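Below: one structure, written as structure tokens.
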Amino acid sequence: MSVFDGLKFRKISSPIHNLDPRIKFIYVIAIFICAILFPQMLPLIILFIIQLPFVFIAKVQKQWIRSLRGAAFLAAFIFIINVLTTFFYNNYTLTFTNVESALAMTTRFIVLVESFSLFFLTTSPDHLGLAFEQSHMPYEFAFAFTTAVRFVPVMAEEAQTIMDAQKARGLELEKGNILKRIRNYIPILIPLIVSAIRRSMELAEAMESRAWGATKKRTNLYLLKLHKADYILISLTILLLIITIYTKLYVQIPQISELLTSLTLFAT
Amino acid sequence: MAVIEVRDLVYTYPGVSKPSIDGVSLTVEKGEFVLITGPSGCGKTSLCRTFNGLIPHFYQGELKGQILVAGEDVTGRQTFDMAKRVGLVFQNPENQLFALSVEKDVAFGLENLGMSRDEMRKRVDWALNLVGIYDLRERAPHEVSGGQQQRVAIASVLAMQPEIIVLDEPTSFLDPLSAERIFEVIYKLNQEQGITVILVEHRLDLTAKYANHLIVMDKGKICLEGNPHDILCNEDVGNIGVGIPKATLLHKQLKMKGFPVNPKTPLCSDELAAQLLEALSK
């Protein structure tokens, strides 16, 4: 089961986990907007740092670092592409400012990954489905989402059983080149798909038997309510947006390379 | 008073030439514990699906005859309408739970009916307590055992407070001990809540003692019907391929060999033991 362990959702409780998912989502969008507005390095680093306390309050450092590590490859790719394009664009010269703006692009990407992973690491699918339902989205959508999450562990177990059964009949999964290996997985995929279709029929039957579609106005056992912490987060988010817009309009943001050169000049 | 009346029912699934139900008529009285048994493919499951309108609404196909539930014709009503009257529990517990917590699953039907939050909370807690899984209410369905999952399924049907509960081989995915516990829960519902129970089951050893109406089906028809005490001693039952309780078989052998046991057919070992003690003390 080890391969599929990452797909399982776990229930953890922390002040960040207990926040209203809708408010958390607004916060993520706000961070997104701020990161897009600034092309300079300095404010992006600040954006990165101000999010760190949330990670530690939620106690998800380990998983969070893992998701950043997963993004490292793409980040490196963004950096190299940026450096190369400016290099060829400026007649094969490379300045400190160019490198810095390439670094800023990379940091922007990391800030986005940081906030999104924070959101998904601290929001249970249960909560997310509830947020879907209570933000006037069609219920079918929320239902499809929660049911998909619900059946991930079930399907994972089934895939494992089918793999074992096919291996017992002599199927060798780890043999041959990449194309051959992909083809090896066909005898696993087909039974998995067939059984998923059969399962969906049974599910539909059970749903019908439990009055699915009886009324247009469906109610919900749980109600999402805003607490004190939610109001604090939303005020912080609004404050962040105000500061961002103010700085963008009235403050000249220095480049870090400029700061460094002026510092060295000052020292001499 | 009859809660279910089936008259001359013939039903054929779409794309199949042979009817799955072939001329079935039966009456179920209010508060009865009905046990339906018979070999695989004899039409038991199809019959269950007619009680809440899955057949013909969900499965289409060709239906002749009449099904009356509480005096109303099922074919004229939608399945979600019937769901309030007839609760259906299926074989595989895994495929009838959709939510990410036990409690939300039990509330699923009530949410669909648009019930108020307070009333829903009351009914959910009531149903969970009745089947004895109140402590599991915040767990995820895939974290609990198969027997507990099946209890969740029963609770989720119970929460809608139906008059009739139909259970289609609810224990075929369970071990004997969990199965016995499920049957005890079902019997309790029948005795204490007065809910009419229709149970489809192969394991007569565990269930015959609870039933007061036994139906034996074969090839889409009802072969034998009546009180289990009268039916299980019938010679034909063994030939159809029904698992007769061991106590009943032993009683038959004792009687054949001339041992002076009570002529009433026992359905479980307790009954047989009492008869043997009675015969020996004479």
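Every heavy atom of this structure was used, including side-chain atoms; hydrogens, water molecules and symmetry mates were not. Note on naming: letters A, B, ... go to the chains in the order of the sequence lines (proteins, then strands), and numbering restarts at 1 for each one. Given the structure is predicted, the values throughout are model-derived calculations rather than measurements.
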- Query: Can you find a pair of side-chain heavy atoms, one from Glu111(B) and one from Lys104(B), that are under 4.5 Å apart?
  - Reply: yes

NZ/Lys64(B): more than 12 non-hydrogen atoms of other groups inside 6.0 Å: no

Ranked by heavy-atom pairs below 4.5 Å to chain A, first place among Glu103(B), Met160(B), Arg117(B), Gln78(B) goes to Arg117(B)

Under 4.5 Å to a heavy atom of chain A? For Ala153(B) that would be neither

So, the part of Phe98(B) with a heavy atom under 4.5 Å from chain A: the answer is both

Honestly, the part of Phe108(B) sitting under 4.5 Å from a heavy atom of chain A is both

Bottom line for Leu54(B): the part with an atom under 4.5 Å from chain A's heavy atoms is side chain

Quiz item: Do Glu201(B) and Thr37(B) have side-chain atoms, one donor and one acceptor, less than 3.5 Å apart?
Solution: no

Greatest number of non-hydrogen atom pairs under 4.5 angstrom with chain B, of Asn220(A), Leu203(A), Thr146(A), Thr215(A), falls to Asn220(A)

Of the listed Gly53(B), Ser156(B), Ala99(B), the one with the largest count of heavy-atom pairs under 4.5 Å with chain A is Ser156(B)

When the 4.5 angstrom heavy-atom criterion is applied to Asp168(B) and chain A, the contacting part is neither

Applying a strict 4.5 Å limit to non-hydrogen atoms, the region of Asn52(B) in contact with chain A is side chain

Honestly, the part of Leu97(B) sitting under 4.5 Å from a heavy atom of chain A is both

Review point. When you look at CD1 of Ile178(A), are more than 12 heavy atoms from neighbouring residues, nucleotides or ligands closer to it than 6.0 Å?
Key: no

For this session: Step through the shown structure and confirm whether more than 12 heavy atoms of other residues, nucleotides or ligands are within 6.0 Å of CZ on Phe32(A).
Result: no

Check: Glu163(B)/Thr196(B) side-chain N/O donor and acceptor closer than 3.5 Å | no

So CG of Leu110(B) and OG of Ser116(B): to nearest 0.5 Å the spacing works out to 10.0 Å

Bottom line for Pro141(B): the part with an atom under 4.5 Å from chain A's heavy atoms is side chain

* Applying ring pair (Phe, Tyr, Trp, His ring centres under 6.0 Å), run through Trp212(A) and Tyr139(A) and close with a yes or a no. => CA-CA 11 Å; Trp212(A) 173 263; Tyr139(A) 177 67; 5.8 Å; yes

